[in-house]
Amino acid sequence: MNDKLLEISNLKTYFFSDKGHVPAVNGVDLYINKGETLGVVGESGCGKSVTSLSIMRLLTDTPGKVVDGSILFEGRDLLSLSESEIREVRGNEIAMIFQEPMTSLNPVYKIGQQIGEAVQLHLKYDKRKAREHVIKMLKLVGIPRAEEIIDEFPYQLSGGMRQRIMIAMAMSCDPTLLIADEPTTALDVTIQAQILELMRKLKEEKGTAIMLITHDLGVVAEMCDRVVVMYAGKVVEEADVLEIFENPKHPYTKGLLNSVPKLGQKTNRLESIPGNVPNPANMPKGCKFAPRCTQAMDICQEQDPDLLQIADGHQCRCFLYQRELTKEAQ
């Protein structure tokens, strides 16, 4: 029995300009099982959001284009669907909570119109029933005065309120897969906890799978079943959440975890990863993390390592383990 809901193979998404192409996503392989929460972590510029936009086929009006790979959702390749077919999938089977609520809502339409459009289209509700459903969703995400807010415009709401509107919109049609791109960034800690609890409840009651893109490793520890770590447009490590936190292998993953304050930690200074994520238009030769890695070897400067299975369910893209596996094989 195949439990994989979404399976991405060798996904390459490039952005094109007069000066050439920029490989924002450069060979990503990942999967999400039915009813599972997958955490996707990494610094800004690592390709997380572009991967999610590629899944949703939302790069049409941008310089970005998927140039290779496949995105299988319940056995269908989303990249081969027509525009009308992918519109049936978007919002209905796969929904997305976008990272920036300030620009994701249309400023000239009322809140009720923006959420109700998808409800009427996918659930086939009439206007009255759609309005009732929208009010119910607004209340679920903690919107006060839902009966009044439904008739207001986005500019009348705070950033946190707009983020909750985006979450209500994404959840309104009970999607099979929910892609949440930094869903709690604009929210205070109390509302953040409520939203995470709501997403967990959706997963438990509806069996919704969640792809959670975040910088917050605390949220990952609380919400996720498995974790994918991305760097420079590629997956550098993948394992279940306990394995990632207790036994990280890639130097980049270790750096991310060491930069998080720990309860009872007495040191006044947190560790940091030296340098910055490389510019996708000017990637270093060899391993893309080598210029920032304290354990880099000569081979790291010349060759890019493969993503290898180093234990059951644990993959890592690093020559430290490639060398060890070669010795074991001999």
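In this chain, numbering begins with 1 at the start of the sequence shown. Quick caveat: nothing in here was measured; it's all calculated off a predicted structure.
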Do you reckon [X] sits in the same ILVMFWY cluster as [Y], going by side-chain contacts under 4.5 Å, direct or chained?
X      : Y      : answer
Ile111 : Ile143 : yes
Tyr109 : Val134 : no
Tyr14  : Leu59  : no
Leu79  : Ile8   : yes
Met56  : Met211 : yes

Please give me the minimum heavy-atom distance between [X] and [Y], naming the atom from each residue.
X      : Y      : answer
Lys203 : Gly35  : CE-O, 3.0 Å
Cys46  : Tyr252 : SG-OH, 4.0 Å
Leu140 : Leu198 : O-CD2, 3.7 Å
Leu178 : Ala170 : CD1-CB, 3.7 Å
Ala130 : Gln120 : CB-CG, 3.7 Å
Ile273 : Leu256 : CD1-N, 3.8 Å

Nearest 0.5 Å please: distance from the [atom1] atom of [X] over to the [atom2] atom of [Y].
X      : Y      : atom1 : atom2 : answer
Leu72  : Leu6   : CG    : CG    : 8.0 Å
Ile32  : Glu7   : CD1   : CD    : 11.0 Å
Leu53  : Arg57  : CG    : CZ    : 13.0 Å
Cys287 : Leu320 : SG    : CG    : 9.5 Å
Phe245 : Leu257 : CZ    : CG    : 6.0 Å
Met223 : Ile210 : CE    : CD1   : 5.0 Å

Test item: [X] and [Y] side chains (from C-beta on) under 4.5 Å apart, heavy atoms:
X      : Y      : answer
Cys224 : Leu212 : yes
Pro107 : Tyr155 : no
Leu5   : Thr176 : yes
Ser44  : Val277 : no
Ser52  : Ile213 : yes
Lys139 : Glu147 : yes
Thr51  : Val40  : no
Leu177 : Phe73  : yes

I'd like to know if [X] pairs up with [Y] as an ion pair, taking the criterion as any Lys NZ or Arg NE/NH1/NH2 lying under 4.0 Å from an Asp or Glu carboxylate oxygen.
X      : Y      : value
Lys201 : Glu204 : no
Asp304 : Lys234 : yes
Lys129 : Glu132 : no
Lys110 : Asp151 : no

Under the criterion side-chain contact (heavy atoms from CB on, under 4.5 Å), I'd like the reasoning laid out for Lys249 against Ile310: C-alpha separation, chi angles, the key distance, then a yes or no.
CA-CA 9 Å; Lys249 293 296 186 182; Ile310 58 172; 3.3 Å; yes
Determine whether more than 12 heavy atoms belonging to other residues, nucleotides or ligands lie under 6.0 Å from atom [atom1] of [X].
X      : atom1 : result
Asp298 : CG    : no
Lys254 : NZ    : yes
Phe16  : CZ    : yes

Donor-acceptor check, side chain of [X] to backbone of [Y], threshold 3.5 angstrom: yes or no?
X      : Y      : value
Glu36  : Leu38  : no
Ser104 : Phe98  : no
Glu152 : Ile149 : no
Asp240 : Leu242 : yes
Arg162 : Leu105 : no
Gln295 : Pro251 : no
Glu182 : His215 : yes
Arg164 : Leu138 : no
His250 : Arg317 : yes

Determine which pairs satisfy side chain to side chain donor-acceptor pair (under 3.5 Å) with at least one residue from residues 64-78, sequence neighbours left out, and list them in order.
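Passing the test, one end in residues 64-78: Asn10-Asp68, Arg76-Glu93.
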So Met137 and Met169, side-chain contact (heavy atoms from CB on, under 4.5 Å) or not? Walk me through it.
CA-CA 8 Å; Met137 293 307 302; Met169 187 183 296; over 6 Å; no
Salt bridge (charged side-chain N to carboxylate O under 4.0 Å, His left out), that's the test. Do Arg90 and Glu85 meet it? Break it down for me.
CA-CA 9 Å; Arg90 278 193 216 116; Glu85 288 172 328; over 6 Å; no
Apply side-chain contact (heavy atoms from CB on, under 4.5 Å) to Leu217 and Val41, showing your working.
CA-CA 8 Å; Leu217 292 172; Val41 301; 4.1 Å; yes
Using the six-membered ring wherever Trp is involved, compare the ring planes of His133 and Tyr125 and label them parallel, tilted or perpendicular (cut-offs 30° and 60°).
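Aromatic pair His133/Tyr125 classed perpendicular.
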Among side-chain atoms of [X] and [Y], is any donor-acceptor pair under 3.5 angstrom?
X      : Y      : result
Thr13  : Ser54  : yes
Glu238 : His314 : no
Arg292 : Tyr231 : yes

Would you check, one step at a time, whether the test side-chain contact (heavy atoms from CB on, under 4.5 Å) holds for Cys173 with Leu123?
CA-CA 7 Å; Cys173 295; Leu123 301 183; 4.2 Å; yes
Taking the cut-offs as 6.0 angstrom to the six-membered ring centre and 45 degrees off its axis, would you call Arg226 and Tyr31 a cation-pi pair?
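Ring-cation test returns yes.
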